[in-house]
There are 2 protein chains.
Amino acid sequence: MNIGEAAALGGVSAKMIRHYETIGLLTPAKRTTSGYRVYSDKDVHILRFIKHGRTLGFPIELIKDLVGLWQNQRRTSKRVKELAQNHLRDVEERLRELQAIKQALQDLVNHCHGDDRPDCPILERLATNPDNESDAAGKTGDSKRRHATIRSGRPRK
Amino acid sequence: MNIGEAAALGGVSAKMIRHYETIGLLTPAKRTTSGYRVYSDKDVHILRFIKHGRTLGFPIELIKDLVGLWQNQRRTSKRVKELAQNHLRDVEERLRELQAIKQALQDLVNHCHGDDRPDCPILERLATNPDNESDAAGKTGDSKRRHATIRSGRPRK
DNA sequence: CTTGACCTTCCCATCGTGGGAAGCCCTAGA
DNA sequence: TCTAGGGCTTCCCACGATGGGAAGGTCAAG
């Protein structure tokens, strides 16, 4: 089948399939003489695996590892569990951070009248509070987050 | 003062100050004859405001609005509260999504022995589950998330 | 006057995804 | 058989917020 069909069956976009190929998450697909990529049911299976991993928030690099383990009969479930647990810890940390933010925002919102006058505790606090210079997300201690941005979520469905 | 000092006092990097200027979050700073940017205490105040907003996860575009309202004496606190509430809802949605992911991951991890054998429920589920094709994060219904990625967090401190 | 710390601009990388252009390929219908 | 339109190819750009680093100008202390 062509890339479009594989994409539809795998639940990912054709664009992403090509991308996964270039970054080495997928091995380069066979091509027809005219250059079209050709996929099998097995490939679709892998795509679904990847999709599922993404849905659970695994970064591509981890998914690469997971796929490797999946296809390696000599793997140990210990190794797989480790990867999942590491990711889980990551998720939990982000949860803590977001929860701290949510709390702070709720406090702000609760203190604002929200009327037609200009007085606004929200702005006042944003302006004054040099804030707990420490960490809005609580004591993460070390927290050498390699590449974190605020906007986030999940892949669109 | 120069950009370095302003950055230190404002709690942001010099790099970011320049960036904020190019994207219009900050009005272009005055320059010395040699081209160095010059900042005042007022500018530092604004930087702290921005920093605080970022710490609370406000995206730059929203901070732009907040700064505008902050410096507009004819603002209404209602408007400010609206912005904060919108952001809060965003945060809450991401929290829900992350919590769903966390739950799913915990389930996976709990079912894996984590021993030296290759049998692994984690891999099996990732492989089979075409999964709740719907939405790992629960019924968001519409959910036209404009630009959401999985990896996330807060700005490093 | 030299040295080193600071400043300038410019480009690249991250992470995962989408958009779109330019151009080739393939097939169904006239 | 020709043609239209949809699918495919590659390539580049964008997002958001931030950091890294190069190449080069500036400034103040020694």
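Just so you know, these numbers come straight off a predicted model, no measurement behind them. FYI, side chains are in, hydrogens and waters are out, and symmetry mates aren't considered; it's all heavy atoms of this structure. First the proteins, then the strands, lettered A, B, ... as listed; each starts at 1.
- For the pair R94(A) and E97(A), the salt-bridge criterion is not met [side-chain N within less than 4.0 Å of a carboxylate O].
- Between R31(A) atom CZ and dT10(D) atom C1' the separation is 10 Å, expressed in whole Å.
- As a whole-Å value, the separation of E61(B) CD from dA17(D) C1' is 12 Å.
- Atom NZ in K64(A) sits roughly 13 Å away from atom C1' in dG16(C) (whole-Å rounding).
- Nearest approach of I101(A) to L56(B), heavy atoms of both residues: CG2-O, 3.2 Å.
- Rounded to whole Å, the distance from CD on E5(A) to P on dC8(D) is 9 Å.
- With salt bridges taken as basic N to acidic carboxylate O contacts below 4.0 Å, none links R89(A) and E92(A).
- Put simply, S13(B) has a side-chain N or O that comes within less than 4.0 Å of OP1 or OP2 on dG19(D).
- Residue I60(A) places its side chain closer to dG16(C) than to any other of dT9(D), dG16(C), dT8(C).
- Closest-nucleotide positions on DNA chain D for E21(A) and I23(B) were compared, and the one nearer the 5' end corresponds to E21(A).
- The CD1 atom of I17(B) sits 14 Å away from the C1' atom of dT18(D) (whole-angstrom rounding).
- Using a 4.0 Å heavy-atom distance criterion, T32(A) is classed as making no nucleic acid contact.
- Counting non-hydrogen atoms under 4.0 angstrom, R37(B) reaches the backbone sugars and phosphates but no base.
- Residues E61(B) and K64(B) are paired through a salt bridge, judged by an N-O separation under 4.0 Å between the basic side chain and the carboxylate.
- A straight line from OH of Y39(A) to C1' of dG7(D) spans 14 Å, rounded to a whole angstrom.
- Under 3.5 Å, the side chain of Y36(B) and the base of dC6(C) form at least one donor-acceptor pair of N or O atoms.
- One cannot find a donor-acceptor pair under 3.5 Å joining the base of dG16(C) and the side-chain atoms of K15(A).
- A close approach under 4.0 Å does occur between a side-chain nitrogen or oxygen of Y20(A) and OP1 or OP2 of dT17(C).
- The aromatic rings of W70(B) and H45(B) stand perpendicular to each other, their planes meeting at an angle above 60°, with 30° marking the opposite boundary.
- Summarising the geometry, the separation between CG on L47(B) and P on dT18(D) is reported as 12 Å, rounded to the nearest angstrom.
- Sequence order on DNA chain C of the closest nucleotides to S34(A) and M16(A) puts M16(A) first from the 5' end.
- Contact annotation: R18(B) side-chain N/O to dT18(D) OP1/OP2 distance is not under 4.0 Å.
- What separates NE2 of H19(A) from P of dA14(D) is a distance of 17 Å, to the nearest Å.
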